[in-house]
Amino acid sequence: MDKYYITTAIAYTSSKPHIGNTYEIVLADAIARYKRQKGFDVYFQTGTDEHGEKIQQKAIAKGISPKEYVDDIAGQVKAIWDCMNTSYDKFVRTTDPHHEEVVQKIFKKLYDQGDIYKGSYEGLYCTDCEAFWTESQLVDGKCPDCGREVHIASEEAYFFKLSKYQDRLIEYIESHPEFIQPESRKNEMINNFLKPGLQDLCVSRTTFDWGIPVTFDDKHVVYVWIDALSNYITNIGYDPDGSSEEFNKWWPAELHLIGKDIIRFHTIYWPIILMALDLPLPKQVFGHPWLLSGMDKMSKSRGNVMYADDLVKLFGVDAIRYYVLHEIPFANDGTITYDLIIEKINSDLANVLGNLVNRTISMANKYFDGNVTKTNVTTEFDKDLIEKVNNLSENIEKRMNKLEIGAALDEIFEVLRRSNKYIDETTPWVLAKDEAKKDELQTVIYNLLESIRVSAVFLKPFLPETSDEILKQLNIENTEESFNDSLEYKTGTPSPLFQRIDKEKKLEEIENAQ
RNA sequence: CGCGGGAUGGAGCAGUUUGGUAGCUCGUCGGGCUCAUAACCCGAAGGUCAAAGGUUCAAAUCCUUUUCCCGCAACCA
């Protein structure tokens with residue numbers, strides 16, 4: 001059985017994640033569930049990144065310890081991941097003692113072998129804000145936070161010799177076109193960073209202490225890169241002194257799923273760290289687009305933040321899963337608004353899917369008391385329907401392999417639409433009036449039940465609860481991924497899967513609740 | 001001339017690699033049907049494919065120029 005190791009980025013615990021931050025875990029979940037269904041031995045890891053100056057500051061502002069602060073936020077992150085019904089195998093935290101210990105060993109190893117050296121970080125420093133800024137971050141040559149003058153300052157720091165591995169990395173990226181996805185990101189990395197030449201990376205800090213201490217120099221804490229990125233290996237048993245069997249089984253990861261904003265860290269710093277540790281590189285890094293609220297980036301200051309738990313309360317978990325999985329294109333940013341959510345629920349989930357299931361089971365019960373098998377009478381419309389059902393597996397796989405999740409969902413909905421059309425073509429209610437057409441009618445209902453069953457099976461990775469509910473209403477356990485001619489249905493009681501939503505009313509309700 | 005991506009009916013997208021009647025979902029309008037959640041099915045309106053020029057028998061698709069939008073331009077996770 002092939003293994004499949006998939007990760008999300010670990011969420012930074014500075015504040016509760018909004019729906020845009022939550023999109024990634026749902027995307028990863030759909031992929032993980034799909035791979036499991038395909039028979040892969042899947043390990044799906046997510047978690048939280050809990051160190052750093054920003055967190056230390058927030059904790060101080062709240063009058064609590066950093067650890068208390070991150071415990072609280074990590075709990076919120078986990079609760080959100082859980083409310084989206086995500087099936088991660090492990091939730092890691094960078095404050096786990098084991099992680100901290102291995103990070104220290106990694107840092108020491110890299111230092112001992114000469115990849116990390118002590119130097120000084122020189123940059124544009126704002127004394128009032130106690131922060132370094134880059135040239136491009138400055139506003140009119142002044143500190144972007146307070147507007148005061150900045151001056152050149154230096155700070156003792158450890159550096160990682162990125163340049164040493166630069167050529168190897170370029171060669172790797174160019175000989176593995178699937179490594180960075182989408183491809184345009186690959187060009188950005190090559191042209192902006194690799195070709196001009198990498199600067200050495202500052203990997204320790206002395207200006208704050210909420211981090212993993214450098215064992216041989218206690219003034220320093222390990223800066224985010226080595227700390228956060230190495231979560232992908234520390235938690236599956238990597239150890240510079242000898243890794244576990246588990247590690248050898250899972251590494252390298254098949255997929256790091258990350259936001260487009262941290263592609264650089266995952267396609268330059270991380271691979272180079274791995275090269276220095278003499279470890280293989282992950283097979284693929286996918287920098288997914290963002291979910292925007294209307295036209296804007298979601299942010300508290302804009303007041304347009306949506307949280308997954310609120311949305312789930314309003315619309316149900318599968319409706320939100322469907323929305324984020326379906327509406328976000330492969331390469332461009334997606335949009336989320338209440339209006340669009342409601343429109344999607346009504347048109348796709350209630351009308352196309354829900355109503356199809358409802359009307360089909362109703363007919364099975366009405367015409368056959370729910371007892372339906374295939375008869376030897378066929379109609380001229382059967383062939384096309386069955387063919388489409390049987391093509392689903394291959395079509396979905398093609399999409400999923402390219403990480404086109406929305407398009408994979410579309411494949412299923414195309415079959416559902418075809419099924420609705422099949423009902424109009426065969427007009428079961430007309431057949432029902434003629435006793436001589438009883439067998440034809442039964443075949444028609446059977447074909448519909450089978451189309452729905454197979455669709456439900458494929459829906460499972462995306463809408464797990466809905467998939468189960470459909471199979472429950474069909475009252476069938478078979479999960480074959482193709483059309484079966486010899487099942488014996490004894491359908492259950494139909495009940496709407498998704499209620500149509502009165503848009504005006506719902507929007508008003510939401511408005512009043514805020 | 002920093003690098004890269006994009007501009008397609010009211011909205012969101014596909015099609016551009018390998019030129020050949022412009023396609024899908026939603027919305028609008030008209031019709032049909034009644035098994036079903038005012039759902040479902042059919043049909044129609046609506047685009048000179050950002051602009052200009054060029055190559056070609058033929059260009060959304062190839063070339064050139066222009067305009068506009070977006071991402072990246074390194075220590076912020």
Side-chain angles (χ1 to χ4, degrees), chain A residues 9-15 21 48-55 121 123 131-137 144-145 157 159-160 162 182-203 205 223-225 227-229 258-265 268-269 287 289-290 326-327 329-335 339-340 343-344 346-367 406-407 410 413-414 417 419-432 441 444-445 448 494-501:
Chain A
I10 47 178
Y12 197 59
T13 46
S14 58
S15 57
N21 307 135
T48 42
D49 172 19
E50 309 190 348
H51 291 124
E53 190 170 18
K54 199 183 279 178
I55 285 167
Y121 179 72
F132 281 97
W133 303 104
T134 65
E135 196 92 35
S136 58
Q137 286 174 311
D145 269 9
F159 283 86
F160 189 96
L162 292 183
E183 205 184 339
S184 59
R185 302 293 165 186
K186 171 181 140 186
N187 299 327
E188 284 180 7
M189 294 306 123
I190 300 245
N191 293 329
N192 289 331
F193 300 103
L194 289 163
K195 287 269 169 69
L198 292 172
Q199 296 168 21
D200 289 349
L201 181 70
C202 175
V203 291
R205 282 293 149 99
Y223 196 44
V224 59
W225 322 120
D227 177 1
L229 290 167
I258 58 165
K260 63 182 186 181
D261 49 332
I262 52 174
I263 287 176
R264 189 172 81 237
F265 314 129
I268 295 181
Y269 304 160
W290 280 340
H326 183 257
E327 288 313 295
F330 176 73
N332 304 323
D333 289 338
T335 303
D339 262 60
L340 290 169
E343 279 168 21
K344 266 309 169 193
N346 283 346
S347 68
D348 292 1
L349 298 178
N351 294 355
V352 174
L353 170 61
N355 185 48
L356 172 68
V357 173
N358 198 248
R359 65 198 298 213
T360 300
I361 295 178
S362 294
M363 286 192 280
N365 291 345
K366 184 170 182 175
Y367 301 140
D410 275 339
F413 273 79
E414 202 171 304
R417 288 194 176 90
S419 302
N420 273 321
K421 182 171 175 168
Y422 177 81
I423 295 178
D424 274 64
E425 288 168 338
T426 55
T427 57
W429 54 91
V430 175
L431 300 178
L441 175 62
V444 165
I445 302 300
L448 284 165
S495 157
L497 296 168
F498 296 91
Q499 286 293 346
R500 277 184 63 81
I501 297 170

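Naming convention: chains lettered A, B, ... in sequence-line order (proteins, then strands); numbering from 1 in each chain. Since we're looking at a predicted model, the values are computed, not measured.
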Taking A:Cys202's backbone N and O only, do any of them form a donor-acceptor pair with A:Trp225's side chain (distance below 3.5 Å, no angle check)? yes
Modelled atom types, side-chain donor and acceptor of A:Asn351 and A:Arg500, under 3.5 Å: yes
Could you tell me how far B:U16 sits from B:C49 if I compare only their C1' atoms? Round to whole Å. 11 Å
Re B:A7: Watson-Crick or G-U wobble partner, both distances kept under 3.5 Å, found to be B:U67
NZ/NE/NH1/NH2 to OD/OE distance under 4.0 Å, A:Lys344 and A:Asp339: no
Using a heavy-atom cut-off of under 4.0 Å over every strand shown, decide if A:Asp261 touches base, sugar-phosphate, or nothing. base
Watson-Crick/G-U partner (both atom distances under 3.5 Å) of B:G2: B:C72
Side chains of A:Val224 and A:Phe265: closer than 4.5 Å at any heavy-atom pair? no
note: A:Asn358, atom CG; B:C35, atom P; distance rounded to Å ~ 14 Å
Categorize A:Asp200 for me: base, sugar-phosphate, or nothing, with a 4.0 angstrom heavy-atom threshold over every strand shown. base
Describe the nucleic acid contact of A:Ile262 in one word from base, sugar-phosphate, nothing, applying a heavy-atom distance below 4.0 Å. base
Does any nucleotide pair with B:G30 by Watson-Crick or G-U wobble geometry, both distances under 3.5 Å, and what is it? B:C42
Listed nucleotide nearest any side-chain atom of A:Arg500, set B:A39, B:U34, B:A36: B:A39
Minimum-distance nucleotide (side-chain atoms of A:Lys421 versus B:C42, B:C35, B:U37): B:C42
Closest listed nucleotide, where the reference is the side chain of A:Phe193 and the choices are B:C72, B:G71, B:C35: B:C72
Residue matched to B:U18 through Watson-Crick or wobble contacts both under 3.5 angstrom: none
Sugar-phosphate, base or nothing in reach of A:Leu198, heavy atoms under 4.0 Å: base
Can you tell me how far P of B:A74 sits from CG of A:Leu162, to the nearest Å? 15 Å
Under 4.0 Å between any heavy atoms, over every strand shown, what does A:Arg264 touch: base, sugar-phosphate, or nothing? Just pick one. sugar-phosphate
Could you check whether any side-chain N or O of A:Asn192 sits under 3.5 Å from a backbone N or O of A:Glu188, counting only pairs where one atom can act as donor and the other as acceptor? yes
When rounded to whole Å, the CG to P distance for the pair A:Leu201 and B:C76 reads 11 Å
Nucleotide paired to B:U48 in any strand shown, Watson-Crick or G-U, under 3.5 Å: none
Name the nucleic acid region contacted by A:Gly354, choosing base, sugar-phosphate or nothing; use a 4.0 angstrom heavy-atom cut-off, strictly under. base
From NZ of A:Lys260 across to P of B:G5 the rounded distance in Å is 15 Å
Would you mind classifying the nucleic acid contact of A:Asn355 as base, sugar-phosphate or nothing, using non-hydrogen atoms under 4.0 angstrom? base
Between P of B:A73 and CD of A:Glu188, the distance in whole Å: 8 Å
Heavy atoms under 4.0 Å, any strand shown: does A:Phe265 hit a base, just sugar-phosphate, or nothing? base
Nucleotide opposite B:U56 in a Watson-Crick or G-U pair, distances under 3.5 Å: none
What's A:Asn192 touching, base or sugar-phosphate or nothing? Going by heavy atoms closer than 4.0 Å. base
Heavy atoms under 4.0 Å, any strand shown: does A:Ile268 hit a base, just sugar-phosphate, or nothing? nothing
Nearest-nucleotide check on RNA chain B, A:Asn191 vs A:Gln199; residue mapping nearer the 5' end is A:Asn191
With sugar-phosphate meaning primed atoms plus P, OP1 and OP2, does A:Asp424 contact a base, only sugar-phosphate, or nothing at under 4.0 Å between heavy atoms? base
Length of the line joining A:Leu194:CG and B:A74:P, which is rounded to integer Å: 14 Å
Is there a side-chain contact (heavy atoms from CB on, under 4.5 Å) between A:Phe498 and A:Leu353 once you walk through the steps? CA-CA 9 Å; A:Phe498 296 91; A:Leu353 170 61; 4.1 Å; yes
Using atom C1' in both nucleotides, what's the gap between B:C13 and B:U18 to the nearest angstrom? 23 Å
Rounded to whole Å, the CZ-P distance (A:Arg417 to B:C42) equals 11 Å
Roughly how many Å is it from CD in A:Glu425 to P in B:C42, rounded to a whole number? 8 Å
Judged by nearest nucleotide, the residue sitting upstream toward the 5' end of RNA chain B, A:Asn346 or A:Asn187, is A:Asn187
Which part of the nucleic acid does A:Pro496 contact within heavy-atom distance under 4.0 Å: base, sugar-phosphate only, or nothing? base
Sugar-phosphate only, base, or nothing, as touched by A:Gly197 at under 4.0 Å among non-hydrogen atoms: base
How about A:Phe159 and A:Leu201: do any of their side-chain heavy atoms sit closer than 4.5 Å? no
Base, sugar-phosphate, or nothing for A:Lys54, non-hydrogen atoms under 4.0 angstrom? sugar-phosphate
Considering only NZ, NE, NH1 and NH2 on the basic side and carboxylate oxygens on the acidic side, decide whether A:Glu414 and A:Arg417 come within less than 4.0 Å. no
